[in-house]
Amino acid sequence: AIAVLPVAWWRQIAHRMAWGRPVQDFGPWLAGRGTGLFVQIVAAALLLWIPFTLIRRMPRWWWAPVAALSFVSICAFLIAEPIWIRPMATKIEPLPDGPARASMEAIAARCGVSDVQIFVGGIEGGATAVGLGPVARILFPRLQVEEALANDNEADLVWTFGHELRHYMHDNWLAIAVVAVIC
């Protein structure tokens with residue numbers, strides 16, 4: 001986290017500032033990074049004792065239950081993180097009503113998907129489809145939405161939504177398969 005901090009600052013603050021784009025203040029940005037790191041440390045500490053206990057009790061076959069528990073834990077995390085953990089670290093709210101949201105809902109309806117959850121939150125990088133199954137949602141970075149609405153450039157948001165809708169519709173099971181192979 002410390003080694004990546006200067007690069008993240010350059011990408012998310014300095015680079016955007018150099019191009020005259022809106023940026024988050026340094027204090028809240030650093031606090032958000034620290035909160036995310038704290039959540040990761042607590043989660044690792046809570047789960048790290050399990051493999052060591054299994055190594056002590058089952059020295060030859062410890063890897064099998066660790067792989068099974070890892071698979072279940074990672075899938076549970078992929079479901080729980082966007083719903084319970086991320087809102088503790090950042091403010092997440094539904095995308096405001098307007099022409100962009102109406103266009104996004106129309107695209108989703110044409111694709112046979114109803115009730116796509118579209119949120120605005122403090123995420124890094126670009127928009128992303130997060131979660132699995134019924135807790136899947138599309139998350140836009142707050143700065144991207146504010147900039148598009150301020151510049152009357154909602155078409156970019158709709159285009160990005162179309163791209164993320166494909167991930168929302170098809171990548172859930174791919175993510176589970178990748179997690180299973182890794183475990």
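Hydrogens, waters and symmetry mates play no part in the numbers below; they use all other heavy atoms, side chains included.
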- Message: Given 3.5 Å as the limit, does a donor-acceptor pair link the side chain of Arg33 with the main chain of Ala1, or not?
- Response: no
- Indicate, with yes or no, if the rings of Trp49 and Phe52 have centres closer together than 6.0 Å. no
- Note on the structure: Contacts of His163 meeting side chain to side chain donor-acceptor pair (under 3.5 Å) (sequence neighbours excluded), chain-then-number -> His167
- Message: Could you work out, with ring-ring contact (aromatic ring centres under 6.0 Å, His included) as the rule, every residue matching Trp159, not counting sequence neighbours?
- Response: none
- Shared hydrophobic cluster for Leu69 and Phe71 (ILVMFWY, side-chain gaps under 4.5 Å): no
- Message: Quick check: is Val39 connected to Leu37 through a chain of hydrophobic side chains (ILVMFWY, heavy atoms under 4.5 Å apart)?
- Response: no
- Query: So which heavy atom on Tyr168 is nearest to which on Gln117, and how close?
  - Reply: OH-N, 4.4 Å
- Item | Heavy-atom side-chain contact between Met58 and Val66 under 4.5 Å | no
- Task: Please tell me if the side chains of Met169 and Leu165 come closer than 4.5 Å, counting only heavy atoms from C-beta onward.
- Result: yes
- Task: Output every pair passing salt bridge (charged side-chain N to carboxylate O under 4.0 Å, His left out) with a member in residues 44-66, not counting sequence neighbours, ordered by first then second residue.
- Result: none
- Query: Does one hydrophobic cluster hold both Leu47 and Trp62, with members joined at side-chain heavy-atom distances below 4.5 Å?
  - Reply: yes
- Applying the 4.5 Å side-chain criterion to the ILVMFWY set and letting contacts propagate, would Ile74 and Ile50 be lumped into a single cluster? no
- Query: Heavy atoms, side chains only, cut-off 4.5 Å: are Phe161 and Val116 in contact?
  - Reply: yes
- Task: Start with the C-alpha distance between Met104 and Leu95, add both sets of side-chain angles, then the distance that settles side chain to side chain contact (heavy atoms under 4.5 Å, CB included), and finish with yes or no.
- Result: CA-CA 10 Å; Met104 292 176 193; Leu95 182 71; 3.6 Å; yes
- Query: What distance separates Thr35 OG1 from Leu30 CG, expressed to the nearest 0.5 Å?
  - Reply: 9.5 Å
Expected list for residues 143-158: side-chain donor-acceptor pairs under 3.5 angstrom, two or more places apart:
| unit_1 | atom_1 | unit_2 | atom_2 | d |
| --- | --- | --- | --- | --- |
| Glu147 | OE1 | Arg16 | NH2 | 3.3 |
| Glu147 | OE1 | Arg21 | NE | 3.2 |
| Glu147 | OE2 | Arg21 | NE | 3.0 |
| Glu147 | OE2 | Arg21 | NH2 | 2.4 |
| Asn151 | ND2 | Glu147 | O | 3.3 |
| Asn153 | ND2 | Asp156 | OD2 | 2.7 |
| Glu154 | OE1 | Ala100 | N | 3.4 |

- Applying salt bridge (charged side-chain N to carboxylate O under 4.0 Å, His left out), which residue pairs with at least one partner in residues 103-117 are found, sequence neighbours left out? Arg101-Glu105
- Query: Applying the 4.5 Å side-chain criterion to the ILVMFWY set and letting contacts propagate, would Trp10 and Phe26 be lumped into a single cluster?
  - Reply: yes
- Item | All ring-ring contact (aromatic ring centres under 6.0 Å, His included) counterparts of Trp63, not counting sequence neighbours | Trp61
- Query: Do you know which two heavy atoms are closest between Ile92 and Gly121, and how far apart they sit?
  - Reply: CG1-CA, 4.0 Å
- Task: Locate the shortest heavy-atom distance separating Phe140 from Ala127; write the atom from each residue and the value.
- Result: CD2-CB, 3.7 Å
